[in-house]
Student: 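Quick one: structure below, then a few questions.
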Amino acid sequence: MEHHLYEAEHHAFRELCKEFLAREAVPHNDEWEKAGIVDRDVWRKAGAAGLLGMDVDEEHGGGGQRDFRFNAVLVEEIVAAGASGLGFGLHNDVVAPYLTDLTTEEQRKRWLPGFCSGDIVTAIAMSEPAAGSDLAGIRTTAVRDGDSWVLNGQKTFITNGELADLVIVVAKTDPSRGAHGISLFGVERDTPGFTRGRRLEKVGLKANDTAELFFDDCRIPADHLIGQEHQGFYHLMANLPRERLGIAVAAVAAAEHILSVTLDYAKSREAFGRPIGKFQHNRFLLAELDTEVTIARTFLNACIVEQNAGRLSVTDAAKAKWWTTELQNKVADRCVQLHGGYGFMLEYPVAKAWLNSRVQTIYGGTTEIMKEIIGRGLGL
């Protein structure tokens, strides 16, 4: 099926992404997975290639293209290349809107040029040891003290956490108001009182640095408040649909990629004198998966169009996020089975795809939370 989402400039950008990843990521990926982190310099190279801040205004060093299709192309190619350590999606898809839409001009001048050049790697710190999807349960606090804010608390599961030069931290500025007393802050590397814990050992996404962050009387300038005081919950809610759309893009790309790999395997691997894809059970299974992935791609593309038009709803983003990530897990699991014993070997891409897929239904809002959102949208 021809989907008609991308135009000539997106196809050209895709070739740029492919060339960059083949040159700067694929040869190093095994090494990065063993180290648990990518080389810092690959971020600067990505910035120089125009892969960071595509929708940031040109005056601040960005591409000036407020078109999520460019973001989607980059994520699709990172998935196809197996370069799971590159946290460009978190940087471009999740953090960018906070820095472009909620900051002052002074903040934009301070942070956006480095954001686009790769000199500033970013992260967002929401999750805590005792609070994930329930933002009202976070314990990190920020107290105003003269011309400063003083942060205290702990964050965990932070993508890009070790490499990050700028972290958007979610903290309570009025604990009595629960989720409605939350604010956002920009905390820079080497700020006194800001430290990083151990590099977390994960089941998948081995090359991506995921860290614990600690704030112990961490004093930041008052003008590092991002957005409005006590309005952090609303800022987060406004930007979560885009984050969940980005996760859905990765999910569909991963499902498409591993299904393609498995189709090739089913045509070449023989058992009992014929390719395993010729057995009716396997043929029907692959037909089902192909149908579901096509349907997922169709809905995803519609959501991308809605995002570009500024109309993507919280409910539709939730639908895309849970459905595509659950499908990604299903496709990966079935494709492992079709590979037989080889599917359990890490040297085969299907095994890594299986491991990397599992977290997709968890971060960015679990499947269960997505269904809650949809249910409330139905008036239930």
Student: If only atom types and distance count, is the side chain of Asp216 paired as donor or acceptor with the main-chain N or O of Gly193 below 3.5 Å?
Tutor: no
Student: Should Glu9 and Gln65 be marked as a side chain to side chain contact (heavy atoms under 4.5 Å, CB included) after you check the CA-CA gap, both sets of side-chain angles, and the distance that decides it?
Tutor: CA-CA 11 Å; Glu9 59 265 35; Gln65 298 285 341; over 6 Å; no
Student: For Arg358, which residues count as a side-chain hydrogen bond (donor to acceptor under 3.5 Å, both in side chains) partner, sequence neighbours excluded?
Tutor: Thr361
Student: For atom CH2 of Trp354, is the number of surrounding heavy atoms from other residues, nucleotides or ligands below 6.0 Å larger than 12?
Tutor: no
Student: Taking C-beta and beyond as the side chain, do Ile78 and Leu74 meet within less than 4.5 Å on heavy atoms?
Tutor: yes
Student: Measure across Asn208 and Ser84 and return the closest heavy-atom pair with its distance rounded to 0.1 Å.
Tutor: CB-O, 3.7 Å
Student: Can you confirm whether Leu51 sits close enough to Cys17 that some side-chain heavy atom of one is under 4.5 Å from a side-chain heavy atom of the other?
Tutor: yes
Student: Would you call Asp209-Arg196 a salt bridge at under 4.0 Å N-O?
Tutor: no
Student: For the pair Arg244 (side chain) and Ala320 (backbone), establish whether a donor and an acceptor sit closer than 3.5 Å, ignoring hydrogens and angles.
Tutor: no
Student: Would you call the rings of Trp43 and His91 parallel, tilted or perpendicular, taking 30° and 60° as the class edges?
Tutor: perpendicular
Student: Test of understanding: clusters of I, L, V, M, F, W, Y form through side-chain heavy atoms closer than 4.5 Å, transitively. Do Val314 and Met237 belong to the same one?
Tutor: no
Student: Quick one: does Asn160's side chain have a donor or acceptor within less than 3.5 Å of a partner on Thr122's backbone?
Tutor: yes
Student: Assess whether side chain to side chain contact (heavy atoms under 4.5 Å, CB included) is satisfied between Leu163 and Val38, documenting all intermediate values.
Tutor: CA-CA 9 Å; Leu163 285 175; Val38 303; 3.8 Å; yes
Student: Once salt bridge (charged side-chain N to carboxylate O under 4.0 Å, His left out) is applied, do any residues pair with Glu19, and if so which ones, sequence neighbours excluded?
Tutor: none
Student: In plain terms, say whether Arg376 and Glu372 are close enough for a salt bridge, that is, a side-chain N and a carboxylate O under 4.0 Å apart.
Tutor: yes
Student: What pairs with Phe70 under ring-ring contact (aromatic ring centres under 6.0 Å, His included), at least two apart in sequence or on another chain?
Tutor: His10, Phe13
Student: When you check the gap from the basic side-chain N to the acidic O, do Arg14 and Glu76 get nearer than 4.0 Å?
Tutor: yes
Student: So Leu5 and Val305, do their side chains get closer than 4.5 Å, heavy atoms only?
Tutor: yes
Student: Quick one: ring-ring contact (aromatic ring centres under 6.0 Å, His included) partners of Trp32, sequence neighbours excluded?
Tutor: His28
Student: With sequence neighbours excluded, tell me which residues meet salt bridge (charged side-chain N to carboxylate O under 4.0 Å, His left out) with Arg23.
Tutor: none
Student: Between Asn329 (side chain only) and Ser357 (backbone N and O only), is there a donor and an acceptor less than 3.5 Å apart?
Tutor: yes
Student: Hey, is Lys371 close enough to Glu326 for a salt bridge, meaning N to O under 4.0 Å?
Tutor: no
Student: Between Leu166 and Leu102, is there shared hydrophobic-cluster membership here, with clusters defined by ILVMFWY side-chain heavy atoms closer than 4.5 Å?
Tutor: yes
Student: Check Arg108 with Glu105, please: is the shortest side-chain N to carboxylate O separation under 4.0 Å?
Tutor: yes
Student: Counting distance only, does the side-chain N/O of Gln107 pair as donor-acceptor with the main-chain N or O of Asp223 below 3.5 Å?
Tutor: yes
Student: How about Phe344 and His339: are their ring centres within less than 6.0 Å of each other?
Tutor: no
Student: Using modelled atom types and a 3.5 Å cut-off, is there a donor and acceptor pairing between side-chain atoms of Asn29 and backbone atoms of Gly82?
Tutor: yes
Student: Hey, is CZ on Phe88 packed in by over 12 heavy atoms from elsewhere, all under 6.0 Å?
Tutor: yes
Student: Report, as yes or no, whether the 6.0 Å neighbourhood of atom CG on Asp147 holds more than 12 heavy atoms from other residues, nucleotides or ligands.
Tutor: no
Student: With hydrophobic residues grouped by side-chain heavy-atom distances under 4.5 Å, do Leu21 and Val75 end up in a single group?
Tutor: yes
Student: Are Phe115 and Val42 connected, step by step, through hydrophobic side chains (Ile, Leu, Val, Met, Phe, Trp, Tyr) whose heavy atoms are closer than 4.5 Å?
Tutor: no
Student: Among residues at least two apart in sequence or on other chains, which ones pass salt bridge (charged side-chain N to carboxylate O under 4.0 Å, His left out) with Arg139?
Tutor: none
Student: Under 4.5 Å between side-chain heavy atoms, counting indirect links through other Ile/Leu/Val/Met/Phe/Trp/Tyr residues: same cluster for Leu285 and Leu263 or not?
Tutor: yes
Student: So does Thr140 get a backbone contact from the side chain of Glu128, meaning a donor-acceptor N/O pair under 3.5 Å?
Tutor: yes
Student: With sequence neighbours excluded, what pairs up with Arg274 under the side-chain hydrogen bond (donor to acceptor under 3.5 Å, both in side chains) test?
Tutor: none
Student: Quick check: do Asp119 and Arg44 have side-chain heavy atoms less than 4.5 Å from each other?
Tutor: yes
Student: Does Gln360 offer a backbone N or O that forms a donor-acceptor pair with the side chain of Lys321 under 3.5 Å?
Tutor: yes
Student: Checking Arg283 now: which residues fulfil salt bridge (charged side-chain N to carboxylate O under 4.0 Å, His left out) with it, not counting sequence neighbours?
Tutor: none
Student: Does Arg334 pair with Glu288 as a salt bridge, N-O distance under 4.0 Å?
Tutor: no
Student: Thr210 pairs by side-chain hydrogen bond (donor to acceptor under 3.5 Å, both in side chains) with which of Lys202, Glu162, Arg199?
Tutor: Lys202
Student: Can you tell if the side chain of Trp111 reaches within under 4.5 Å of the side chain of His224, non-hydrogen atoms only?
Tutor: yes
Student: Just jot down the side-chain hydrogen bond (donor to acceptor under 3.5 Å, both in side chains) partners of Asn71, sequence neighbours excluded, or say none.
Tutor: Asp93
Student: Carefully, step by step, assess Val56 and Leu99 under the rule side chain to side chain contact (heavy atoms under 4.5 Å, CB included).
Tutor: CA-CA 9 Å; Val56 173; Leu99 298 183; over 6 Å; no
Student: Can you establish whether the number of heavy atoms outside Phe279 located under 6.0 Å from its atom CZ is more than 12?
Tutor: yes
Student: Between Asp333 and Lys330, is there a side-chain N and carboxylate O pair less than 4.0 Å apart?
Tutor: no
Student: Do Arg69 and Glu7 come within less than 4.5 Å of each other through their side chains, counting heavy atoms only?
Tutor: yes
Student: According to ring-ring contact (aromatic ring centres under 6.0 Å, His included), who are the partners of Phe20, at least two apart in sequence or on a separate chain?
Tutor: none
Student: Listed by chain and number, what are the side-chain hydrogen bond (donor to acceptor under 3.5 Å, both in side chains) partners of Asp165, not counting sequence neighbours?
Tutor: Arg40, Arg189
Student: Are side-chain heavy atoms of Arg177 and Lys172 found at a separation under 4.5 Å?
Tutor: no
Student: Got a donor-acceptor contact below 3.5 angstrom from the Thr291 side chain to the Ala287 backbone?
Tutor: yes
Student: Would a 4.5 Å heavy-atom cut-off, applied to side chains only, mark Val170 and Ile182 as touching?
Tutor: yes
Student: Dump the intermediate steps for side chain to side chain contact (heavy atoms under 4.5 Å, CB included) on Phe194 and Val169, then the final yes or no.
Tutor: CA-CA 11 Å; Phe194 171 32; Val169 178; over 6 Å; no
Student: Which residues satisfy the side chain to side chain contact (heavy atoms under 4.5 Å, CB included) test with Ser183, sequence neighbours excluded?
Tutor: Thr173, Phe185, Leu225, Glu229, His230
Student: Looking only at heavy atoms, which two atoms of Val150 and Asn152 are closest? And how far apart?
Tutor: CG1-ND2, 3.9 Å
